Amino acid sequence: MEEAGEVCPVCKGTGWYLLDVPPEHPDFGKPILCRCQEEAYREQLRQELYAWSRLEHLQHLTFDNFQPRGRVGTPPAQAASLERAFETARAYAANPEGWLVLYGPYGCGKTHLAAAIANAAVEQSIPTLFLTTPDLLDDLRATYERGASESYQERMEKVRTVPLLILDDLGSHADTPWAQEKLFQILNYRYINRLPTVITTNVPPHRLDPRLHSRFQDTALVHFVEINAPDYRQEYRDEGHLDLSLLPYLGRATFETFSWREDEKLTKKERESLRRAVERARAFAEEPQGWLVLIGDTGTGKTHLAAAIANEIARRSAPPLFVFVPDLLDHLRAAFRPESTVPYDERFEQLRRTPVLILDDLGRQTTTPWAREKLNQLLNYRYVRRLPTVITTTLDLADMDPWMRTRLLDTTLCTHILLRVPSYPERVLRVSRKRGR
């Protein structure tokens, strides 16, 4: 900045100058902002972007009033997921470099963290643009109207080149070809030029534009953070995976509450079978790898052990998806209905990709061709990728569908637990008969 009263020798007081370059040069005839005006221009841009972002309405969203571990009662694994996102966002705000993508369900805190980053950046005088994706697209469309304050080119250039762009709720926009094109133009420019960008979304990345999904996988530039916390706006309910998981109703089924049936006259072999079952179930819960198949009659404790595994895993990480197989098929059928809020492909992907899947009572379902096809698709996906899976069944392997049996017999992946003990209902029946005598 020149001293008051002095005229800049470069721009002659105009604030702009032209480069002395040949006509074929890309900057020929293009006004260049003079250094003497950079500070003033940056401040003007900062104020314009602040007003455009409407950040004054989000000033209350800061790191200081964010609860890093969520509501009281949030399970440790989910609280830890939120805390990791908080620490990552705070570190990014201190040094905005690369891309930060926050992925998680509605109400988990993504927007609060994104706005906290924006407010911290503004305090550091970093020109920042914070917009929801639908608002950004509406703003670009508005430039086509007669009398618009800015041309499309001017507004697009600001979005593409702003020092820090924060795009909230990617995926909530109407996914028209025009919207896809504009978003890709913006994000691809920022990707190529490695410009600091923050994105929040509740859409699984594989369902976004494949071109954007591909860029999200560039770990040299993109820090992808998944938040598993529940909706902060609602009282906590451990719903696992929406209405699909039974785990919230099985909280009392733990290894500590599992009955060793000390008051029963079990044979030595039966007690040994019970001991091995609990031992192997505990080992799987401590290190979920491969498949664990629990085989036994109804009422022998298979579901309790499967739930105990799930509850033990949920203490340390994201809760497993625990489903009763007939209910699972009903949920998949319901996803085809027009009124369904969860599309079939999203529901099925959720099942196939979940880190730990527990299928309770395999074989109880109606064996229609459609049911067999869906189960085969699901199990084959997890089999090929060696994803941790627990299965309970009353069927002997010899009675299963041949396709399924060959996979369950793969001892390089599957561990079998045979619960060769009387069922609880039979034990109660025997006691009542004895008393009747």
Side-chain angles (χ1 to χ4, degrees), residues 14-16 18 26-34 37-61 96 99 101-102 106 110-112 114-115 117-119 121-122 125-193 195-203 207-213 215-216:
T14 64
W16 302 86
L18 297 176
D27 288 331
F28 177 79
K30 180 180 177 181
I32 304 297
L33 181 68
C34 184
Q37 296 297 317
E38 282 182 354
E39 185 177 334
Y41 176 77
R42 188 178 178 87
E43 177 58 23
Q44 179 186 345
L45 177 62
R46 189 186 70 80
Q47 292 180 7
E48 287 179 4
L49 293 174
Y50 188 83
W52 183 9
S53 302
R54 307 190 244 325
L55 273 172
E56 68 272 11
H57 302 300
L58 300 174
Q59 284 180 327
H60 63 290
L61 299 178
W99 285 22
V101 179
L102 300 172
Y106 287 114
K110 304 184 302 296
T111 296
H112 189 139
I117 292 172
N119 286 318
V122 167
S125 297
I126 299 173
T128 302
L129 179 60
F130 179 105
L131 287 173
T132 65
T133 305
D135 285 347
L136 166 61
L137 295 170
D138 283 347
D139 287 342
L140 290 176
R141 291 187 190 97
T143 61
Y144 296 131
E145 298 174 3
R146 184 176 298 176
S149 59
E150 278 188 312
S151 69
Y152 166 80
Q153 288 80 7
E154 290 172 330
R155 183 145 291 195
M156 186 66 160
E157 188 66 13
K158 281 184 180 177
V159 177
R160 293 199 309 172
T161 61
V162 62
L164 175 58
L165 174 64
I166 299 179
L167 198 54
D168 190 34
D169 222 0
L170 179 66
S172 63
H173 56 284
D175 200 22
T176 64
W178 180 88
Q180 281 189 345
E181 177 192 341
K182 296 304 134 191
L183 287 171
F184 180 71
Q185 285 178 324
I186 292 166
L187 292 175
N188 190 55
Y189 181 92
R190 300 186 68 83
Y191 175 82
I192 291 171
N193 292 280
L195 296 176
T197 307
V198 177
I199 295 169
T200 79
T201 182
N202 64 0
V203 177
R207 289 187 55 210
L208 294 171
D209 182 329
R211 297 171 296 180
L212 298 183
H213 181 211
R215 282 150 182 76
F216 284 179

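Just so it is clear, the model here is predicted, and its values are computed rather than measured.
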*Give a yes or no on whether the backbone of R211 and the side-chain of D209 come within a donor-acceptor separation of less than 3.5 Å.*
yes
*Taking all atoms of both residues into account, what is the closest heavy-atom pair of L137 and A179, and its distance?*
CD1-CB, 3.7 Å
*With sequence neighbours left out, which residue pairs that include part of residues 180-193 fulfil the salt bridge (Lys or Arg N to Asp or Glu O under 4.0 Å) condition?*
none
*For D138, enumerate each residue passing the salt bridge (Lys or Arg N to Asp or Glu O under 4.0 Å) test, keeping only those at least two apart in sequence or located in another chain.*
R141
*Answer whether the closest heavy-atom distance between the side chains of L187 and W99 falls below 4.5 Å.*
yes
*asked:* Just to verify, what does E150 make a salt bridge (Lys or Arg N to Asp or Glu O under 4.0 Å) with, not counting sequence neighbours?
replied: R155, K158
*Looking only at heavy atoms, what is the nearest atom pair of A142 and A148, with distance?*
O-CB, 3.7 Å
*Side-chain heavy atoms of V159 within contact of D139, under 4.5 Å*: no
*Contacts of type side-chain contact (heavy atoms from CB on, under 4.5 Å), residue R160, not counting sequence neighbours*: M156, E157, I186, Y189
*For R215, check salt bridge (Lys or Arg N to Asp or Glu O under 4.0 Å) against everything at least two apart and list the hits.*
none
*Set of residues satisfying side-chain contact (heavy atoms from CB on, under 4.5 Å) with respect to A121, sequence neighbours excluded*: I126, T128, L164
*Check whether any side-chain N or O of T201 sits under 3.5 Å from a backbone N or O of I199 as a donor-acceptor pair, and report yes or no.*
no
*T200 side chain to D169 backbone, donor-acceptor under 3.5 Å*: yes
_Over all atoms of both residues, closest heavy-atom pair of P127 and V162_ = O-CG2, 3.7 Å
*Who passes side chain to side chain donor-acceptor pair (under 3.5 Å) against T161, sequence neighbours left out?*
none
*asked:* Can you tell me which residue among L170, L140, L208 is in a side chain to side chain contact (heavy atoms under 4.5 Å, CB included) with L183?
replied: L170
*May I ask you to check whether D168 and T111 show a side-chain donor-acceptor distance below 3.5 Å?*
yes
*Just jot down the salt bridge (Lys or Arg N to Asp or Glu O under 4.0 Å) partners of D135, sequence neighbours excluded, or say none.*
none
*For Y152, check ring pair (Phe, Tyr, Trp, His ring centres under 6.0 Å) against everything at least two apart and list the hits.*
Y144
